[in-house]
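Hydrogens, waters and symmetry mates are skipped; everything else that's a heavy atom, side chains included, is used. Order of the sequence lines fixes the chain letters, A, B, ..., with proteins taken first and strands second; residue numbering starts at 1 for each chain.
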Amino acid sequence: MKVEFLLNGEPAVADGPPTRTLLDWLREDRGLRGTKEGCNEGDCGACTVLVTDGRGARALNACILFLPQLAGAAVRTVEGIAGPGGELHPVQRALVEHHGSQCGFCTPGFAVTMAAMHLNGERDHDAGLAGNLCRCTGYAPILRAAEARRPSPCPPGCATSRRAARPRRRPRRGRARVPSLPGEGWAGRRDDAPAFAATGVSAGPARAEGPARGDTAGAAGGLEPSIPVAVPPAPVPEGGAFLPESADALAAWYVRNPDATLIAGATDVGLWVTKGLRDLPSVAFLHRARDLARIEERDGRLRIGAGATMTEVLAAVRDRHPSWARLIERYGSAQVRNAATIGGNVANGSPIGDNAPALIALGATLHLRRGDTRRTLAIEDFFLAYGKQDRNRGEFVEAVDVPLAAPALRAYKLSKRWDQDISAVCGAFDVTVQGGRVTAARAAFGGMAGVPKRARAVEAALLGSTWTGAWRAP
Amino acid sequence: MTAFADDFQPLSDMRASAAYRLEGARGMLRRYWQEMAGEAVDLRGCAGMMDGSAPIAATGGAGTAEAHDSAALHVTGRAAYVDDIPAPAGCLHLAFGLAEVARGRLVSLDLAAVRAAPGVVGAWAWDDLRRPADTSPSAHDEPLLSDGRSTS
């Protein structure tokens with residue numbers, strides 16, 4: 001199938017099977033070998049690229065990014081972040097001046113992640129660069145470079161506010177006060193995404209006129225309304241993929257194609273392909289169903305659409321559920337959180353998925369949908385056994401809702417590494433104490449059983465006990 | 001102490017043992033208890049992990065800070081690594097047959113099926129080569145191909 005997007009400011013057409021990765025296509029088809037293959041599983045960040053679409057500008061791992069995920073987006077690789085005359089981007093200059101490279105293999109990834117942070121005005125380099133591994137230079141000079149680029153003059157239009165990351169209807173030309181600086185090709189000219197065009201792709205009937213134009217990005221900021229679907233989705237061409245534009249379109253298609261693999265962020269399915277060498281004969285990519293990614297307050301609860309990325313979830317729960325938010329900050333890396341969705345994390349049912357304990361402790365409700373039929377269940381009841389969830393054929397996770405606040409919620413993670421590691425144990429608690437005695441308790445753990453599991457015996461042992469005096473293990 | 005055991009019989013794997021997991025889970029509840037009871041949480045042992053903000057020493061010293069001579073290539077992605085060099089036309093690929101046991105004796109080796117496989121140009125074992133297949137430049141103690149005595 002053919003997928004069109006902007007590559008370093010120029011229109012590009014990528015041709016290949018739907019599960020061809022951007023990294024392979026860049027290196028093998030386009031000869032753009034600055035983007036490196038390190039781990040090929042989204043851990044090391046050597047393949048980091050900058051992707052701008054309706055969700056804003058963000059760093060993503062190209063090794064587990066399938067070509068259809070880029071339809072209509074704008075991609076910048078390490079070759080495309082310098083100015084048109086070859087003048088280095090401030091982050092590139094800082095890396096050179098502060099000795100941020102030694103063998104240089106991880107450096108392109110660091111440069112692109114730093115450029116994305118620069119563009120979005122992000123300052124927390126420890127957090128932002130946790131998804132870029134270096135094994136020889138050492139992080140000290142890299143972090144020095146990241147710090148040092150702050151006062152550097154920015155290329156025209158390379159504003160350092162989160163707002164600047166949002167695609168605009170028109171390029172903001174004429175704002176350059178320092179025209180001799182580089183950057184016309186890099187964020188000076190906004191990477192307006194081209195009109196959606198992909199052959200061999202079934203976009204369903206509810207195809208948008210064009211993505212990313214005038215969209216507002218951001219997690220909790222409200223996404224544009226869904227487009228109603230009136231007619232059945234078009235069949236998917238041979239060797240193609242289904243890219244629904246709405247949850248309705250997905251529901252109608254999936255009930256007829258229940259054996260298909262649903263791909264949201266591909267942070268898990270990507271590894272099925274790159275490491276498991278699996279063929280996925282029938283796939284649907286969900287990232288264009290923007291209504292599936294909506295985060296909103298509804299009926300006194302916070303309803304999080306399955307397609308919301310963990311970056312978007314983090315922004316939405318940072319104030320409401322700060323302890324869960326701190327856990328999410330250790331969930332994968334910036335690149336992974338920018339792709340991974342909460343729906344994918346729940347639906348895959350991993351016993352070590354890091355959202356489930358917090359969701360169970362919060363008393364989350366899961367919203368499942370098959371065709372036009374919807375049902376809800378307590379999230380802990382979704383996880384039946386290892387690898388087995390209470391999900392029917394053709395049924396998908398549409399949303400999860402949680403309370404607006406839970407002041408006593410705390411979530412903890414035990415792993416070998418602080419950042420970007422799989423939990424050995426992940427625990428979450430929400431206990432109510434009145435008059436010194438426990439009147440309500442919810443406790444859940446990941447990594448302790450074949451499923452994320454509610455600890456009912458622990459809860460029972462806590463109920464009625466005192467919450468003062470010496471600690472007594474239940 | 002039995003409630004956790006009632007709830008969980010965790011597995012032992014490369015990440016953690018069952019006992020460690022149980023202890024970790026109990027520890028989390030204890031930390032929660034302390035936190036909610038307003039007690040100071042004792043984070044000895046994980047203080048290093050908690051503090052990701054070690055101060056970065058200022059650079060300086062004798063001499064001039066010369067940029068790495070490949071730095072500009074590194075940061076722009078123009079530095080070529082072996083995997084970045086396109087394979088020439090007709091390039092042959094080498095693959096090693098690896099032992100399936102960590103240590104053992106190579107009793108016999110039949111490469112006929114490998115040689116007969118489509119696209120295979122050649123297959124060599126240790127005794128097919130005129131010189132010892134050893135990659136050590138000095139001590140000659142790094143055999144590249146098993147000499148048959150062991151596969152350690």
Participant: What part of A67(B) gets within 4.5 angstrom of chain A, counting heavy atoms only: side chain, backbone, both, or neither?
Facilitator: both
Participant: Measuring heavy-atom distances to chain A, does R78(B) have an atom under 4.5 Å in its side chain, in its backbone, in both, or in neither?
Facilitator: neither
Participant: Name the region of L22(B), side chain, backbone, both or neither, that has any atom closer than 4.5 Å to a heavy atom of chain A.
Facilitator: both
Participant: Which value, rounded to the nearest 0.5 Å, describes the distance between L95(A) atom CG and H68(B) atom NE2?
Facilitator: 12.0 Å
Participant: Look at R454(A) together with D7(B) and state whether they make a salt bridge at an N to O cut-off of under 4.0 Å.
Facilitator: no
Participant: Taking every non-hydrogen pair under 4.5 Å, which of P108(A), G109(A), A111(A), S101(A) racks up the most with chain B?
Facilitator: S101(A)
Participant: Between A455(A), S423(A), P351(A), who has the most heavy-atom pairs with chain B when the cutoff is under 4.5 Å?
Facilitator: A455(A)
Participant: I need the E35(B) CD to R410(A) CZ distance, nearest 0.5 Å.
Facilitator: 5.0 Å
Participant: Within the side chain of R27(A), is there an N or O that forms a donor-acceptor pair under 3.5 Å with the backbone of D83(B)?
Facilitator: yes
Participant: With V75(B) as reference, evaluate Q92(A), M114(A), R93(A) under the side-chain contact (heavy atoms from CB on, under 4.5 Å) test and give the passing residue.
Facilitator: Q92(A)
Participant: Going by an N to O cut-off under 4.0 Å, is there a salt bridge joining K36(A) and D84(B)?
Facilitator: yes
Participant: Hey, can you tell me if Y81(B) and F105(A) have their rings parallel, tilted or perpendicular (30° and 60° cut-offs)?
Facilitator: perpendicular
Participant: Might you point out which heavy atoms bring R31(B) and Y412(A) nearest each other, and give the distance in Å?
Facilitator: NE-CE2, 3.5 Å
Participant: Do you know which two heavy atoms are closest between R15(B) and K416(A), and how far apart they sit?
Facilitator: O-CE, 3.5 Å
Participant: By a 4.5 Å heavy-atom criterion (distance strictly below it), what part of T76(B) contacts chain A: side chain, backbone, both, or neither?
Facilitator: both
Participant: Has R33(A) got a side-chain atom pairing as donor or acceptor with I85(B)'s backbone, closer than 3.5 angstrom?
Facilitator: no
Participant: Looking only at heavy atoms, what is the nearest atom pair of A37(B) and W467(A), with distance?
Facilitator: N-NE1, 3.8 Å
Participant: Does one side chain, of H74(B) or T107(A), offer a donor that lies under 3.5 Å from an acceptor on the other?
Facilitator: no
Participant: Quick check for you: among K453(A), E459(A), E97(A), which has the greatest number of heavy-atom pairs under 4.5 Å with chain B?
Facilitator: K453(A)
Participant: For the CZ atom of F445(A) and the CE atom of M28(B), what is their distance to the nearest 0.5 Å?
Facilitator: 7.0 Å
Participant: Going from CD1 on I422(A) to CE on M14(B), what distance comes out if it is rounded to the nearest 0.5 angstrom?
Facilitator: 6.5 Å
